[in-house]
Amino acid sequence: RAGGRLGSPPLRRHARAGAWAAHRGPFRTLGGQRSFCVSPRGAPGAAGMRGARTATLLALAPALLTPTVGAEAGRKLTLQDDPVFQPKKYQKNVEEDPECARDALWGPWRRELMAAEQERRIDLAYEKTMEWGLENATLVDEQAKICIMGLISLQYLFAQFLLQEVGSVEAAAHSFRLMDSQTGALHPDLFDKASGNGSIWPITAAEVDSLRRQILRASVGGGSGGADRRRRFKNAFGLHDGDWSSVWNWRPDGSPPATVGPGGFGAANAGAPKPSFRVYVYEPDEHPALQKLARGAAFCKHNQWGMEIALHDWFLSCPCRTDNPDEADFFFVPHYTACLINHADTFQGCDTKQVCEPTTALFEQVLNESRHYHRTDGGRDHLFVWGSGMGADGPFSSWRQWVPNAIFLMTEPELWNPYPDIVEPSYMPHKDILVPGRLSLEDMQGLTRLSKPLEERPFLGHFIGWPRAPHASVMDPKDCMNASCPLNVRSVLLAMRDTEPDMHVDVDVPYIESFMGLTNSMFCFVPRGKSGWSSRFFQTFFAGCVPVILNDLYEPPFGELLDLPSAMIKWPMTEVKELVTHLRQIRDERAQVLYDLQEAGRALRCWYAWPPSWVEWSWIDVNKSKFNHTCDEWHVKNAYVAVTRLLAPKATSARHRFFWKGDGFRNS
């Protein structure tokens with residue numbers, strides 16, 4: 001390692017709830033299946049592909065690398081041959097027979113369920129679970145193929161009952177996560193179409209989202225408890241009071257966090273560490289326009305833009321949340337527009353190729369009707385998450401007029417190629433916080449498991465992707481379409497495919513090929529694409545590959561907290577030839593540098609993780625410590641904690657436009 005060449009190429013109801021808990025285990029097979037994503041028109045949705053693919057890829061890797069699988073013999077497999085793009089087993093039934101009328105069991109039961117009163121529906125759901133033997137995992141799996149909406153309805157009714165009538169947040173969260181993969185399989189428009197907006201099945205996408213938020217709000221945990229309150233030791237993300245003490249570690253005077261007194265502090269209970277700030281979370285049920293912007297949490301969480309939902313979940317279950325807007329330091333505005341706009345059917349006439357006027361109008365309506373917004377200048381205390389390369393411009397084109405001073409938590413620090421006329425980024429370093437894209441738990445675990453020791457990696461460098469010209473503000477894209485243009489760095493990399501045998505570079509191949517390249521290469525190139533940020537950057541750390549950033553304007557997240565230069569290389573994007581020479585020199589003559597870079601990346605990688613909450617199915621793996629091998633301190637070293645720490649110094653008591661003693665705050 002020191003030198004030389006490295007490697008080579010009522011009571012009855014309570015009783016019923018108890019019985020349900022005893023029989024809940026077998027449902028895990030259904031919930032544990034990887035979710036598929038179906039767009040409003042029924043085609044597999046690209047948004048969920050990256051977050052839902054890893055378990056399938058690991059199982060099918062040998063087959064995918066065989067040229068005759070998914071294509072005629074002799075033809076090279078392409079991205080469209082990947083299993084995630086193939087028709088899913090539930091899709092046909094959801095589209096053609098949402099009532100499950102073809103089935104002798106589900107059809108009659110659906111009619112009985114819809115004819116019953118709400119009280120009776122709970123009984124019917126429990127009775128049929130037992131009568132049909134759905135305690136058997138194999139039967140559950142088979143029934144899901146027949147009537148997924150029926151099974152979702154069963155699980156929803158139980159979660160609602162357990163939260164609102166039994167009063168058990170833990171049991172409700174367990175029941176809800178059983179349906180997480182199933183509800184996450186369907187775009188909210190398709191979900192409502194299949195349920196007939198509540199007329200075919202007694203459930204809508206909005207009701208599922210609302211129940212999810214209720215469970216998260218009730219799951220803050222911590223504090224000293226009391227005779228009339230069952231103490232929850234940890235919150236929905238696995239943090240207890242001792243963990244929160246390390247999160248609330250920023251104070252202007254450097255003092256440790258105080259202890260919450262009898263009156264409470266936001267959602268923090270008496271006896272808990274006092275949060276550094278308080279956040280008021282806008283409730284979609286109270287704002288019809290916002291409800292349209294924050295739809296399909298389970299669906300949208302399972303993709304690379306899922307941090308929009310993840311941070312919403314985090315603040316709902318955070319002790320820093322307050323339901324009293326008059327004491328809030330920040331106001332969080334939830335929305336899932338990166339996901340919803342990327343599914344072009346969600347908002348009419350709106351996709352990623354132009355700014356979205358329908359969502360812009362909805363944001364304006366929410367703010368115009370909010371008294372909280374009018375208290376500050378330009379939304380100074382409002383928080384927005386922008387999860388895609390569109391930044392804020394795509395979903396909220398008039399943000400510069402409405403919220404120029406708001407704090408943006410965003411992935412994109414620069415420009416989006418499909419918007420040639422927008423030449424100023426929506427990211428502003430003095431007020432905003434850059435955040436990582438979301439990798440699924442399966443992505444992080446799978447890449448860690450596949451990762452090879454550096455000395456066993458046959459490739460020096462890796463890149464798989466499509467060629468991209470620079471943004472129009474840099475030069476005319478028509479003048480930079482191939483490797484002859486140094487600013488088309490992707491084309492420059494792809495040109496090495498047939499000339500540099502120690503480089504793993506390709507285009508239009510199944511996802512597994514990218515995973516194998518990440519885990520079999522020493523360095524992984526991260527060039528600019530349609531925009532600055534890319535999920536491939538965050539994947540490299542879990543694959544044990546040293547990232548090489550080839551984008552002069554990209555700034556990785558959390559540089560305020562982490563020593564990023566110790567774990568990566570950032571190289572001038574027009575000097576790829578010199579870069580290759582430099583990387584070979586490191587491999588052949590300075591092997592210890594490579595080991596040090598990899599080790600530093602391993603040490604910081606978990607700060608780029610968004611672990612699931614307990615309303616998600618993947619929480620099971622976290623709770624069983626399956627994630628510990630990848631991130632042994634995942635509950636206190638993650639992207640949520642990093643964002644929370646970076647937000648703390650931005651809280652100010654002087655943010656309102658007017659204030660004085662006696663009369664409270666002015667509203668304008």
Side-chain angles (χ1 to χ4, degrees), residues 32-37 44-61 64 79 82-85 180-181 184-185 298-310 338-339 342 387-388 411 435-452 462-465 509-521 524 526 533-547 556-557 601-602 604-613 616-622 624-632 634 637-640:
Q33 294 172 357
R34 295 307 308 138
S35 63
F36 62 90
C37 293
M49 300 304 178
R50 293 176 179 171
R53 66 178 181 253
T54 308
T56 301
L57 293 178
L58 292 176
L60 298 181
L64 284 170
L79 187 60
D82 197 278
V84 297
F85 287 101
D180 177 61
S181 290
F299 175 79
C300 287
K301 180 68 179 286
H302 299 293
N303 59 57
Q304 61 181 330
W305 315 294
M307 82 293 296
E308 290 183 339
I309 300 85
C339 165
N342 269 275
S388 77
T411 55
V435 301
R438 181 185 179 274
L439 301 180
S440 72
L441 198 69
E442 292 80 6
D443 272 357
M444 294 182 283
Q445 290 176 304
L447 287 168
T448 303
R449 188 160 62 248
L450 290 171
S451 177
K452 288 186 177 181
H462 159 77
F463 169 72
I464 286 179
V509 293
Y511 283 127
I512 187 62
E513 187 71 24
S514 179
F515 270 55
M516 300 310 291
L518 283 165
T519 55
N520 282 270
S521 302
C524 289
V526 187
W533 90 279
S534 170
S535 60
R536 75 177 72 240
F537 172 73
F538 309 106
Q539 291 173 339
T540 62
F541 297 106
F542 294 92
C545 190
V546 176
R602 183 180 293 112
L604 67 77
R605 67 186 180 188
C606 299
W607 288 105
Y608 289 152
W610 302 98
S613 74
E616 298 173 62
W617 175 255
S618 51
W619 171 260
I620 297 295
D621 283 346
V622 171
K624 289 183 176 180
S625 302
K626 292 184 179 180
F627 192 45
N628 287 4
H629 175 67
T630 302
C631 294
D632 58 353
W634 59 266
K637 291 185 178 181
N638 57 52
Y640 305 108

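Values below: every heavy atom of this structure, side chains too, minus hydrogens, waters and symmetry copies.
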Check: Tyr511 main-chain N/O paired with Ser514 side-chain donor or acceptor under 3.5 Å | no
Qualifying residues under ring-ring contact (aromatic ring centres under 6.0 Å, His included), relative to Phe538, sequence neighbours excluded = Tyr608
Between Arg536 and Thr540 the two heavy atoms that sit nearest each other are O-CG2, 3.0 Å
Under the salt bridge (charged side-chain N to carboxylate O under 4.0 Å, His left out) test, residues paired with Lys626 that sit two or more places apart = Asp621
Nearest heavy-atom contact between Pro611 and Tyr640 is O-OH, 2.8 Å
Could you tell me the separation between the NZ atom of Lys452 and the SG atom of Cys545, rounded to the nearest 0.5 Å?
-> 13.0 Å
Taking the side chain as every heavy atom from C-beta outward, state whether Trp617 and His302 have any atom pair closer than 4.5 Å.
-> no
If you take all heavy atoms of Arg438 and Lys301, which pair is closest and at what distance?
-> NH1-O, 3.0 Å
Donor-acceptor contact below 3.5 Å, side chain Asn303 vs main chain Cys300 | yes
Sub-4.5 Å side-chain heavy-atom contact between Glu442 and Ser618 | yes
Which heavy-atom pair separates Trp610 from Pro436 by the least distance, and what is that distance?
-> NE1-O, 3.1 Å
Any side-chain heavy-atom pair from Phe542 and Cys631 closer than 4.5 angstrom?
-> yes
Interatomic spacing from CG in Leu439 to CZ in Arg605 - rounded to 0.5 Å = 11.5 Å
For the student: nearest non-hydrogen atoms of Leu518 and Cys524, plus distance | CD2-SG, 3.6 Å
Heavy-atom donor-acceptor pair, Glu513 side chain to Pro510 backbone, under 3.5 Å = no
Backbone N/O of Gly387 and side chain of Glu308: donor-acceptor pair under 3.5 Å | yes
Could you state the interatomic distance from CD (Gln304) to SG (Cys339), rounded to the nearest 0.5 Å?
-> 10.5 Å
Using modelled atom types only, decide if a donor and an acceptor are shared between the side chain of Ser451 and the backbone of Ala543 within a distance under 3.5 Å.
-> yes
Return yes if some donor-acceptor pair links the side-chain N/O of Ser440 with the main-chain N/O of Asp443 below 3.5 Å, else return no.
-> yes
Rounded distance (nearest 0.5 Å) linking atom CZ of Phe299 with atom CD1 of Ile309 | 10.0 Å
Return the minimal non-hydrogen interatomic distance between Gly437 and Met307, and the atom names on each side.
-> CA-CE, 3.4 Å
Using modelled atom types only, decide if a donor and an acceptor are shared between the side chain of Thr448 and the backbone of Met444 within a distance under 3.5 Å.
-> yes
Nearest 0.5 Å please: distance from the OG1 atom of Thr630 over to the CG atom of Leu441.
-> 7.5 Å
